[in-house]
**Student:** 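Quick one: this structure, given as structure tokens, is what I'll be asking you about.
Throughout, a chain's letter reflects where its sequence line sits, starting with A, and its residues are numbered from 1.
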Amino acid sequence: MPELPEVETVRRDLASLAVGRVIEQVEATAPRCIRRHPSAEDFCGRLAGGRIGEVDRRGKYLLVRLDGGVVLVVHLGMSGQLLWVPAEAVADEPRRKHTHVVLTLDAGEVRYVDPRTFGELFVTTDDVPELAHLGPDAIAVGPADLKTVLRARRTQLKPLLMDQRFLAGIGNLYADEILWLAKLRYDRPADSLTAAEVRRLHAAMVETLNAAIERRGSSLADEQYRDLFGAVGDYQADHNAYDREGKPCPRCGRPIVRLKWSGRSTFLCPRCQR
DNA sequence: ACAAATACCTGTAAGC
DNA sequence: TGCTTACAGGTATTTG
């Protein structure tokens, strides 16, 4: 599930490959994946001929900035992948099922593949008004800002961490990992945290996200998340709580518990997390 | 006005 | 074996 660390991994690799390249051709075959555009012609026409300036990220959104103030925004949703195919390999690698968008650069193809089509791509202006609702990036937020966020109206800690309006970049997986490291329960009222607990949460957030980026993200059993080169991430091996139901808590040895909560799975150590 | 629930999707796996 | 059902969950929208 692409969250901040996975998107950041793709961002770095895409930047190293694509900056300075020209988009020679664009194909878009799934209307749902470009649903903000009236037509494929509109989407493709705005990109064709553009030269890639830089590749940024805001939360889980990838921002491919083209010369002239045009921005291609990519959100991978649940099952989206961006895959790089070098020009010399294009003929040998047929496009996989669910390949919905292809950008042809002078050095190769960037293919957008997404079975569940929760992800999307759209072209906008460089101020990206569509993302104005996003809160500060989870990896860049300071302790003081986090304190402000926690005083928000929402009550419970986990949905607040996952609310992109308050903090951008955290999803279900990293919320569980961060809360485990911070020794905090998912259902703690956000405004009940002591100053020390807020500091712990902040440290856990920065540490977890940076460690996951270092390991190129998490891929679960379904291996839905792949990087730009089709490789899985390594961070799942370092998970302490997520997807570890029944396995011992690395801190206290008691089994990790899985809860069905708010329609989603939550993994925690009921002994360590208070 | 806010928060909880639901719709959108398909591949995989568990269960009968 | 083959079918049905449950599940994964980010975001937008609907409902309460």
**Student:** Could you pull out all residues at least two apart from A/Arg244 that satisfy side-chain contact (heavy atoms from CB on, under 4.5 Å)?
**Tutor:** A/His239, A/Lys247, A/Pro248, A/Pro250, A/Ile256
**Student:** Without decimals, in angstroms, what is the distance between A/Leu160 CG and B/dA4 P?
**Tutor:** 12 Å
**Student:** Can you tell me how far C1' of C/dA8 sits from CZ of A/Phe267, to the nearest Å?
**Tutor:** 10 Å
**Student:** Using whole Å, report how far CZ of A/Arg116 lies from C1' of B/dC9.
**Tutor:** 8 Å
**Student:** Donor-acceptor pairs under 3.5 Å, side chain of residues 71-80 of chain A to any protein atom, not counting sequence neighbours: which ones?
**Tutor:**
| residue | atom | partner | partner atom | Å |
| --- | --- | --- | --- | --- |
| A/His75 | ND1 | A/Gly77 | N | 2.9 |
| A/Ser79 | OG | A/Asp114 | OD1 | 2.5 |
| A/Ser79 | OG | A/Arg116 | N | 3.0 |

**Student:** With sequence neighbours excluded, tell me which residues meet side chain to side chain donor-acceptor pair (under 3.5 Å) with A/Asp56.
**Tutor:** A/Arg65
**Student:** Quantified as the angle between the terminal helix axes (five pairs each), what is the overall bend of the helix from B/dC2-C/dG16 to B/dC16-C/dG2 to 10 degrees?
**Tutor:** 60°
**Student:** Summarise protein proximity over nucleotides 10-16 of chain C in one line of letters, 5' to 3': B for base, S for sugar-phosphate only, - for none, counting protein heavy atoms closer than 4.0 Å.
**Tutor:** BSS----
**Student:** Measuring to OP1 and OP2 of B/dG11, would you say a side-chain N or O of A/Lys97 lies under 4.0 angstrom away?
**Tutor:** yes
**Student:** Applying ring pair (Phe, Tyr, Trp, His ring centres under 6.0 Å), can you list everything that pairs with A/Phe267, at least two apart in sequence or on another chain?
**Tutor:** A/Tyr242
**Student:** Among residues at least two apart in sequence or on other chains, which ones pass side chain to side chain donor-acceptor pair (under 3.5 Å) with A/Asp67?
**Tutor:** A/Arg51
**Student:** Can you name the salt bridge (Lys or Arg N to Asp or Glu O under 4.0 Å) partners of A/Asp145, sequence neighbours left out?
**Tutor:** none
**Student:** Applying side chain to side chain donor-acceptor pair (under 3.5 Å) between A/Lys158 and each of A/Asp176, A/Asp187, A/Asp163, report the one that passes.
**Tutor:** A/Asp176
**Student:** Round to a whole Å and report the spacing from CG of A/Leu259 to P of C/dA8.
**Tutor:** 12 Å
**Student:** Rounded to the Å, how far apart are A/Gln81 CD and B/dT10 C1'?
**Tutor:** 13 Å
**Student:** What is the separation between atom CZ on A/Arg226 and atom C1' on B/dG11, rounded to the nearest whole Å?
**Tutor:** 14 Å
**Student:** Atom CG of A/Leu220 to atom P of B/dA13: distance rounded to whole Å?
**Tutor:** 13 Å
**Student:** Inspect the contact between A/Asp13 and A/Arg216 and indicate whether a charged nitrogen and a carboxylate oxygen are less than 4.0 angstrom apart.
**Tutor:** yes
**Student:** Check salt bridge (Lys or Arg N to Asp or Glu O under 4.0 Å) between A/Glu24 and all other residues, then give those that pass, not counting sequence neighbours.
**Tutor:** none
**Student:** Which part of the nucleic acid, if any, lies within reach of A/Ser265 when heavy atoms closer than 4.0 Å are counted: base, sugar-phosphate only, or nothing?
**Tutor:** sugar-phosphate
